[in-house]
Amino acid sequence: MAELSLEFAAGAAERGAGREVVGVALAPGDGHHPPGSASREAPDSAEVTDVTDVTDVMDFANSTELAGRLVRVDPAPGGWAEDGRRAARVVGRFAAARVAAVAVPAERPEAVPAALAEAAARHGVALLTVAPEVCWARIAQVIGDERLREARERLAELEQLLALAGKHGSPERRAQRLVGWLAQAVGGAVTLTGGPAGLGRLGAPATAFSVLAAARQLAGEVAQGRLGSAAIDDGELRIRVTAIGPGRPFPVLAVGRTSPFDARGHALIAHTAALLAPILQLGAARTDVERLDEVAAALRVAVFQLLMGGEVTLAQRTAEGLSPGLLDAETARVYVLEGPAAERDRLARECAAATGGRALVVRCPAYDQHLIIVAPLKSPPGPEPEDGWDKAGAALRALVARHPGRYLGGSAVLPLAQTAGSYGDAARALAVARLQPSRSALYAAESRLTQVLDPAVAARWAGGLLRPLHTLPYASQDQMLGTLHLGLEFPATSAAKILGVSRNTVRARLDRAAGLLGLDLAGLRGRAVLHLALQASSAAGPDQLCGSSHRPDPERPVPLANVLAGAGAQAWAEALLRRLTEDTRDLRGTLLTWLTVDTGVERTARLLELHPQTVREHLRSAERLLQRQLLAGGGGLYETALAFAVRGELDLTEPAAGPTTGPASSPL
């Protein structure tokens, strides 16, 4: 756009032309901003980097997420940009942070300091020039508009791909349509090998197998399961090879093109492979309806994973391919239904019929015995039947009541954007349901600690504790919060399957959150504190957290002791722990000791001079009386620890010195 006047400096065009720009950033500088530049309060992604001092640059690059960002530097005459060593230090730091480009205000390319241009060339950092009077808020707006356009294009591609997979025809014709579509979408050649009879050798265009001959040996390695995926470069040709499906030998999808693969290309390959998997698994005996059911089931999992990641709009659009208006609502309840794994497919059909197609029924990707039902509430809820159960919940409850060995847990009514939290609540309610004669339970929102805390104090405390997470880009915030909700409730492997990412990604996100927040998330105390902060943040909502009366003051943080000191919290804790006295054994003493030693059964047994099996029996009895899951971890365990903390019997950990700092890493 000519109005933006951004131009590559001499020699930089080829080097930077293929990089993706995700936004611009705001860094502390010396207070100088060019005419028309954005202020520090620029909304959303309209943030502008304006760095004039070399120290500010180094500190900024160490503490801020810069990957894919357009960074503006405005070096003063005679400053660091004209000194070879200092310019090399600054640009080297930018290169390590993987910036998209560095922009310098200059009327002409020749005005760029030679030392800065040389350092940019040495470190492979794209260098741009921009007219000093250009409004940088406008640049941020253009980037945001372009990314929104790209997101819409990608959504249209996914809808087109889903439509092709759902068209009538034989499995061979459907697979060939997907292969042909992928070849056209990536602008290259695609082959599919190793599938069942009639599907074992498909390619597009006609020359695809000769074009991708270099991938033949590598495809064999992938088919045997020695590699899950692989990438090779054959001259100018870039090739990506991916295994499809759960069983070896794996069918193999190979994709090649001359241009480098970007995030869009990798996403298209992954989505195509996901839709090809159920098609390839279909045997000759499967009916056409069964094939479509498998594809739809995979899509339901994808929609649920989008909701878990906070991508509500994209989930709603994608769900239109399943049923128009399925997720057209602001709020929903999440249910988790447990039953025999061998009956899950039949039970899923029964749930869909019981809810009249008004709910998203998902086969849980982590637990074979679980079904997840997202039931949108499309109108303001009126009087609810059966002690708080909505219409869909009542139908599911009746279904459970008719068959032994089935259990149902439901969440409270929460916004769709909080699906991750709702799922955790439903899982905790399921643990309670296993102890109920009715084998069904709703999450007891009235017994949640956050319901009895001073909302203003709790919101300020939670906002202060979680403030480092809000410095992340918005997409990373949604991913991080969704991962934290699940990572506190489930093991990393299960959380990864539910989110559709690797367990290493889940652990990396938890480690990064621990560093940002200054909490030890490997132990009970830090996890309980973070659990309360997330619950308080959800209860407050964005309007309260952003309100001036609830906004955290970094200079005067609210201590956790102040949050837990209210009369409501004391009464809540006393009522909860009083249930333990219904047993004549000292369950309270065993439970407190167990929590104090970070849930170590053997250590608890030594301290209390009991047998480890006796300790476990005490804990199981406590679970029954408290109606909370303890031994398996999760929200029930954290609530119990918080009850003891309210009573002053258990010390909880808060960040002692604020969040840790260090080189920023890419959003995971």
Side-chain angles (χ1 to χ4, degrees), residues 300-310 333-339 341 344 362-374 407-412 414 418-435 441 443 448 478-514 517 519-535 537-538 595 598-599 619 623 627-642 668:
R300 291 188 189 97
V301 173
V303 170
F304 177 69
Q305 289 171 341
L306 287 172
L307 288 174
M308 296 295 284
R333 260 203 176 105
V334 175
Y335 296 95
V336 179
L337 193 153
E338 181 177 284
R344 186 166 69 161
V362 181
R363 301 167 188 171
C364 179
Y367 302 100
D368 291 341
Q369 69 273 28
H370 285 182
L371 287 171
I372 303 167
I373 301 98
V374 181
Y407 305 90
L408 179 68
S411 73
L414 290 174
Q418 298 180 26
T419 299
S422 298
Y423 175 70
D425 289 349
R428 290 195 291 276
L430 178 65
V432 175
R434 297 189 189 104
L435 306 172
Y443 183 70
R448 188 185 295 177
D478 292 336
Q479 290 178 341
M480 183 69 77
L481 291 173
T483 302
L484 289 177
H485 277 293
L486 289 183
L488 294 177
E489 294 289 344
F490 304 101
T493 301
S494 300
K497 291 178 180 178
I498 295 167
L499 291 170
V501 299
S502 72
R503 61 182 179 182
N504 288 337
T505 297
V506 170
R507 287 168 178 157
R509 288 178 184 171
L510 291 175
D511 289 344
R512 189 178 184 205
L517 300 174
L519 286 172
D520 176 15
L521 297 185
L524 167 66
R525 290 169 172 81
R527 294 168 75 91
V529 169
L530 179 55
H531 178 266
L532 178 61
L534 292 173
Q535 295 292 326
S537 177
S538 297
L595 294 173
D598 214 16
T599 67
L619 295 175
E623 285 183 323
Q627 294 194 353
R628 279 163 171 79
Q629 188 170 264
L630 301 175
L631 287 165
L637 174 63
Y638 308 139
E639 290 172 351
T640 304
L642 288 164
L668 296 168

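None of these values were measured; they are calculated from a predicted model. Numbering starts at 1 and runs along the sequence shown.
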Nearest-0.5 Å distance, CD1 of residue Ile372 to CG of residue Leu307: 11.0 Å

CA sep, side-chain torsions, deciding dist, call: Thr483, Val501, side chain to side chain contact (heavy atoms under 4.5 Å, CB included): CA-CA 10 Å; Thr483 302; Val501 299; over 6 Å; no

Any donor-acceptor pair under 3.5 Å from Arg527 side chain to Gly487 backbone: yes

Short side-chain to backbone donor-acceptor contact, Ser422 and Val334, under 3.5 Å: no

4.5 Å side-chain heavy-atom contact, Val301 and Gln305: yes

Taking every non-hydrogen atom, the tightest pair across Ala441 and Ala429: O-CB, 3.5 Å

Heavy-atom check, side chain of Pro491 versus side chain of Arg503, under 4.5 Å: no

Point-to-point distance, once rounded to the nearest 0.5 Å, from CG of Leu481 to CG of Leu486: 11.5 Å

Pairwise side-chain contact, Leu595 with Leu637, heavy-atom cut-off 4.5 Å (strictly under): yes

OG on Ser537 to CG on Leu530, rounded to 0.5 Å: 10.5 Å

Distance (rounded to the nearest 0.5 Å) between Leu371 CG and Asp368 CG: 10.5 Å

Gln535 vs Asp425 side-chain heavy atoms within contact, under 4.5 Å: yes

Shortest non-hydrogen contact between Tyr367 and Ser494, atoms and distance: OH-OG, 2.9 Å

Atom of Ala427, atom of Phe490 and distance for their closest heavy-atom approach: CB-CZ, 3.5 Å

Closest non-hydrogen atom pair, Leu631 against Glu623: N-OE2, 3.0 Å

CG-CG distance between Leu488 and Leu532, expressed to the nearest 0.5 angstrom: 11.5 Å

Inter-residue atom distance Asn504.CG - Thr493.OG1, 0.5 Å rounding: 9.0 Å

Check against side chain to side chain contact (heavy atoms under 4.5 Å, CB included), Ile498 and Phe304: CA-CA 8 Å; Ile498 295 167; Phe304 177 69; 3.7 Å; yes

Qualifying residue, where the test is side-chain contact (heavy atoms from CB on, under 4.5 Å) with Tyr407 and the options are Glu338, His370, Gln369: Glu338

Check: Gln418 and His485 side chains under 4.5 Å, non-hydrogen atoms: no

Asp598 side chain to Leu524 backbone, donor-acceptor under 3.5 Å: yes

Considering all heavy atoms, the nearest Leu510-Leu521 contact: O-CD1, 3.7 Å

Met480 versus Ala513, closest heavy-atom pair with distance: SD-CB, 3.8 Å

Check against side chain to side chain contact (heavy atoms under 4.5 Å, CB included), Val529 and Leu517: CA-CA 11 Å; Val529 169; Leu517 300 174; over 6 Å; no

Note, Tyr423 side chain near Val336 side chain (heavy atom, < 4.5 Å): yes

